[in-house]
Amino acid sequence: MGIFQNIKSVSGFLLDQVIPPTCLSCTETVGNSAALCPNCWSSLTFISEPFCQTCGLPFDLEDDDNQVCGPCLKKTPPYSLMRSSLIYDEASRPMILSFKHGDQLDACPTFAKWLATADPSMFHDVDVVTAVPLHWLRLLKRRYNQSAMMSNALAKTQNLGAIPDLLTRQRNTASQGHLTRNQRRANVRGAFRMNPRYQAFVEDKVVLLVDDVLTTGATIEACCLALRNAGAAEVRVLTLARASSS
Ligand SMILES: [Zn+2]
Ligand SMILES: [Zn+2]
């Protein structure tokens, strides 16, 4: 194994000499591959406390009385906790989109590292790491599922088992960009099913679900419900980025 790793790192080194690596987010040349230039790095907003202890929504002010946000108090979400590494904004969007659409696949280990540090306590007792699935038609077109790639890389850093296809996507749901929150909910209702191969496995398990971006949470909640209905004891959610308000 050592020799292959050496060959890999030597070839990576040689490649870096021929084509200098560019920033994960812009066209700036950087010293190492899978890195950000200082400008892009400093414009990212990593999420830190205070945030809702359930859904991870960032709070503006430190307030000891409010550990949990209003919406979570009103209705218990189908996950036990959710965390995200970054705010989804002008600074993080280009980097995440170019990973999603294939030009920056080498960002994966860097993203896995950021996911791992969002809230290390959430890996405790996790039985399996999984991802929000793509419909097979979209998977064919895009060739890979960016969330499954991240969930595999993250699981490796935590010595956890990964089953990226624990869930299947039944319907190739329309793009959700232009839909309201309620329309998004309706759009994904029933779109996710437990993969029958893992039906017995998932019972009483603690599942960690990984996705790239959280917007309204409709997709993630539909996935959590499918896992809970299949018998999962608990679902936790980790996303690379999230909108700053929900
Ligand atoms: Zn840059
Ligand atoms: Zn909340």
Side-chain angles (χ1 to χ4, degrees), residues 16 19-111 113-115 118-119 121-122 132 181-182 184-185 207-225 227-228 234-246:
D16 286 354
I19 315 163
T22 53
C23 168
L24 289 179
S25 190
C26 72
T27 54
E28 196 73 33
T29 301
V30 288
N32 298 308
S33 52
L36 284 156
C37 73
N39 248 346
C40 291
W41 172 254
S42 62
S43 62
L44 291 178
T45 307
F46 284 89
I47 297 171
S48 59
E49 296 203 69
F51 47 67
C52 169
Q53 292 305 307
T54 303
C55 74
L57 176 74
F59 290 150
D60 289 336
L61 292 167
E62 192 88 52
D63 183 349
D64 286 343
D65 296 339
N66 284 326
Q67 297 283 315
V68 176
C69 75
C72 287
L73 279 176
K74 219 163 116 194
K75 186 167 176 271
T76 308
Y79 46 81
S80 57
L81 60 143
M82 177 157 72
R83 299 288 182 264
S84 308
S85 312
L86 289 162
I87 295 290
Y88 192 56
D89 55 14
E90 264 84 77
S92 62
R93 193 176 298 120
M95 169 182 83
I96 294 170
L97 289 182
S98 67
F99 175 60
K100 193 171 188 155
H101 299 295
D103 350 324
Q104 266 310 358
L105 286 183
D106 54 353
C108 193
T110 305
F111 290 171
K113 221 184 295 163
W114 293 348
L115 285 170
D119 184 352
S121 69
M122 77 187 305
V132 170
R181 172 186 292 261
N182 282 340
R184 285 184 187 217
R185 275 222 178 101
V207 180
L208 178 64
L209 176 72
V210 174
D211 202 9
D212 54 355
V213 180
L214 168 81
T215 43
T216 62
T219 298
I220 280 167
E221 285 182 17
C223 289
C224 292
L225 283 174
L227 290 164
R228 294 289 302 278
E234 190 186 328
V235 186
R236 301 174 192 165
V237 180
L238 189 52
T239 76
L240 183 62
R242 68 169 295 151
S244 55
S245 59
S246 60

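Counting convention: from 1, in listed order, for ligands and their atoms alike. When reading the values below, keep in mind they use all heavy atoms of this one structure, side chains included, and skip hydrogens, waters and symmetry mates.
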Worksheet item: Tally of protein N/O/S atoms under 2.8 Å from the Zn ion (ligand 2)?
Response: 4
Practice prompt. Establish, for the pair Arg93 and Tyr88, whether the NZ or CZ atom is under 6.0 angstrom from the six-membered ring centre and no further than 45 degrees off its axis.
Written response: yes
Worksheet item: Which atom names give the shortest non-hydrogen contact between Arg83 and Cys52, and what distance separates them?
Response: NH1-O, 3.6 Å
Discussion item. To the nearest 0.5 Å, what is the distance between CG on Asp106 and CG on Asn32?
Written reply: 11.5 Å
Worksheet, complete the sentence: In short, Met122 meets Leu81 closest at the heavy-atom pair CB-CD1, 3.8 Å
Worksheet entry | Closest contact, heavy atoms only, Tyr79 versus Thr54 | CE1-O, 4.1 Å
Worksheet, complete the sentence: Excluding waters, which are neither shown nor counted, protein N/O/S atoms under 2.8 Å from the Zn ion (ligand 1) come to 4
Discussion item. Apply side chain to side chain contact (heavy atoms under 4.5 Å, CB included) to residues Leu36 and Met95 and explain how you reach the verdict.
Written reply: CA-CA 9 Å; Leu36 284 156; Met95 169 182 83; 3.9 Å; yes
Discussion item. I need the minimum non-hydrogen distance between Pro58 and Ser244, along with the two atoms involved.
Written reply: CD-O, 4.1 Å
Worksheet item: Could you state the interatomic distance from CD1 (Ile47) to OG1 (Thr239), rounded to the nearest 0.5 Å?
Response: 7.0 Å
Worksheet, complete the sentence: Shortest non-hydrogen pair, Arg236 vs Ser121, comes out as NH1-O, 4.5 Å
